[in-house]
Enquirer: 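Quick one: the structure is below, questions incoming.
Values below: every heavy atom of this structure, side chains too, minus hydrogens, waters and symmetry copies. Start at 1 and go down the list; that is how both ligands and their atoms are numbered. Numbering starts at 1 and runs along the sequence shown. Because the structure is predicted, anything quoted here is derived from the model rather than measured.
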Amino acid sequence: MELLSPSSSVAINVDVVGGSSTGMKQSQSMVLKSKSATVSSACLERKEVDDTKALVAELCRHFYTLGWVLGTGGSVTIKVHDESVPRSHQIIVMSPSGVQKERMAPEEMFVMSSDGFILSLPPLKPYPYPPPKCTDCAPLFMEVYEMCNAGAVIHSHGMEACLVTMINPFSKEFRITHMEMIKGIQGHGYHDELVVPIIENTALEGELKESLTDTIRAYPKTTAVLVRNHGVFIWGDSWISAKTQAECYHYLFNAAIKLHQLGLNWSSPNHGPNHAFNGGWGCGNISRALDCMIDPSKYRRTSSIYI
Ligand SMILES: CSCCC(=O)C(=O)COP(=O)(O)O
Ligand SMILES: [Zn+2]
């Protein structure tokens, strides 16, 4: 297929759906989504592409040590920064599917056009390695890139991201406030309430696409979506922003789980006890009473009970 550069008139031939190096075909539907991909030949050979592939491998090794990409789960994608191209048109590096993420080499990465074509495939490896296949998260990553103009997306299977969705199996949101690490989340301050939407898991990763899309539409400012019993998708304008926020989100999920184990309320400003307490404060719920002292405007008092 001939692809044309937006920044130059160089035309090149790129084997989009079948890597000549592997003789295999990629069958993901998103790969065939559009034929409007444009890229220059120089684009794929740029040092920045190699550097980004190496960065994805390095980050996966690091995230493995944090428990975010164990057992081949989880995934990372980063756009190749190019000052001369708007982010929405920059090419994309994605990790392969079903591989041990901590052992990936840069040459095992997939390179995609901004609209989801595979531009370069990794070479086939001998038995017992599986044939190269792009991450199952690819359709979800593409959706985040398109809807949020992200520069990088991290899909983590960190246990804290999984457990925090299980404490209340009916909750559609994770909410937390008055924690310093909230300041690490784009657009948030210490006093703000951070709200992370939760979507239900599906049998296949790709089946999450519809609910992920609907949720991002409903929460246009969010930079994360939790997937119940599964993990979390987190993104940022750059890989640094995505990584920083991912660390803050995981910290906050962990803090919520620990506060819950201590019987403390993670979502109220004072993080007081969860259960009704009938002494000392003259009200039914010490947590709400403390919250009232922090911000009385948020509560009205009826008899001696704050509601
Ligand atoms: C034990 S991993 C199950 C699949 C999954 O949820 C995941 O994130 C892995 O995706 P990939 O295709 O990138 O290996
Ligand atoms: Zn997953």
Side-chain angles (χ1 to χ4, degrees), residues 19 22 24-31 52-53 55-79 92-112 116 118 120-122 124-125 128-145 150 152-166 174 196-213 215-216 223-235 239 242-243 246 249-250 253:
T22 65
M24 63 167 291
K25 287 204 171 189
Q26 293 290 310
S27 60
Q28 290 100 326
S29 58
M30 50 81 57
V31 172
T52 307
K53 289 179 175 180
L55 181 58
V56 171
E58 182 197 326
L59 289 178
C60 282
R61 271 196 303 281
H62 174 58
F63 293 159
Y64 181 83
T65 68
L66 302 176
W68 296 2
V69 292
L70 298 177
T72 80
S75 189
V76 173
T77 175
I78 302 176
K79 285 204 163 179
I92 296 163
V93 172
M94 285 193 194
S95 52
S97 179
V99 306
Q100 294 181 323
K101 299 290 184 333
E102 77 285 11
R103 292 174 56 91
M104 282 185 319
E107 53 275 16
E108 288 176 66
M109 303 302 157
F110 283 73
V111 182
M112 326 277 292
I118 293 179
S120 86
L121 284 168
L124 191 62
K125 286 171 81 178
Y129 293 98
K133 176 176 180 276
C134 191
T135 173
D136 287 345
C137 301
L140 310 169
F141 287 159
M142 292 309 298
E143 213 54 47
V144 174
Y145 278 135
V153 192
I154 296 166
H155 171 45
S156 161
H157 279 202
M159 194 184 287
E160 54 273 61
C162 191
L163 290 181
V164 85
T165 67
M166 300 161 93
F174 166 80
V196 185
I198 303 173
I199 60 174
E200 301 307 318
N201 199 25
T202 51
L204 300 174
E205 200 96 5
E207 291 171 354
L208 293 168
K209 188 175 158 184
E210 196 181 330
S211 58
L212 183 74
T213 306
T215 302
I216 292 173
T223 53
V225 173
L226 282 157
V227 184
R228 196 177 323 277
N229 309 339
H230 181 157
V232 63
F233 288 85
I234 298 166
W235 56 92
W239 70 269
K243 176 175 178 286
Y249 278 118
H250 283 78
F253 301 152

Enquirer: For H155 and V232, work out which heavy atoms get closest and say how close.
Expert: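 Minimum heavy-atom separation between H155 and V232: ND1-O, 3.2 Å.
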Enquirer: Run through S97, S95, S75 and flag the one making a side chain to side chain donor-acceptor pair (under 3.5 Å) with T135.
Expert: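 Output: one option passes, namely S75.
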Enquirer: So if I apply the side-chain contact (heavy atoms from CB on, under 4.5 Å) rule between T165 and each of H230, R228, E160, which one comes out positive?
Expert: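 Answer to the side-chain contact (heavy atoms from CB on, under 4.5 Å) test with T165 among H230, R228, E160: R228.
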Enquirer: To the nearest 10 degrees, could you say what angle the Zn ion (ligand 2) makes with NE2 of H230 and OE2 of E205?
Expert: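 It is 90°, given to the nearest 10°.
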Enquirer: May I ask you to say whether E108 pairs ionically with K125, meaning some side-chain N is under 4.0 Å from a carboxylate O?
Expert: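 A salt bridge is present here (some side-chain N lies under 4.0 Å from a carboxylate O).
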Enquirer: Is E107 salt-bridged to K53, cutoff N-O under 4.0 Å?
Expert: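 No salt bridge links E107 with K53.
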Enquirer: Could you identify the N, O or S atom of H155 positioned closest to the Zn ion (ligand 2)?
Expert: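 For H155, the N, O or S atom at the smallest distance from the Zn ion (ligand 2) is NE2.
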Enquirer: Show the protein residues that qualify under the rule heavy atom under 4.0 Å from an atom of ligand 1, listing them in chain and number order.
Expert: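 Residues near ligand 1: G71, T72, G73, G74, S75, P96, S97, G98, K101, T135, D136, H155, H157, E205, H230.
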Enquirer: Is C137 close enough to the Zn ion (ligand 2) that one of its N, O or S atoms comes in under 2.8 Å?
Expert: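 Here the distance criterion (N, O or S atom, under 2.8 Å) is not met by C137, so no.
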Enquirer: Quickly, which of T77, V225, L212 forms a side-chain contact (heavy atoms from CB on, under 4.5 Å) with L140? Name it, please.
Expert: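 Exactly one pass, corresponding to L212.
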Enquirer: Do other residues, nucleotides or ligands put more than 12 heavy atoms under 6.0 Å from E200 CD?
Expert: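 Enclosed: over 12 neighbouring heavy atoms sit under 6.0 Å from CD of E200.
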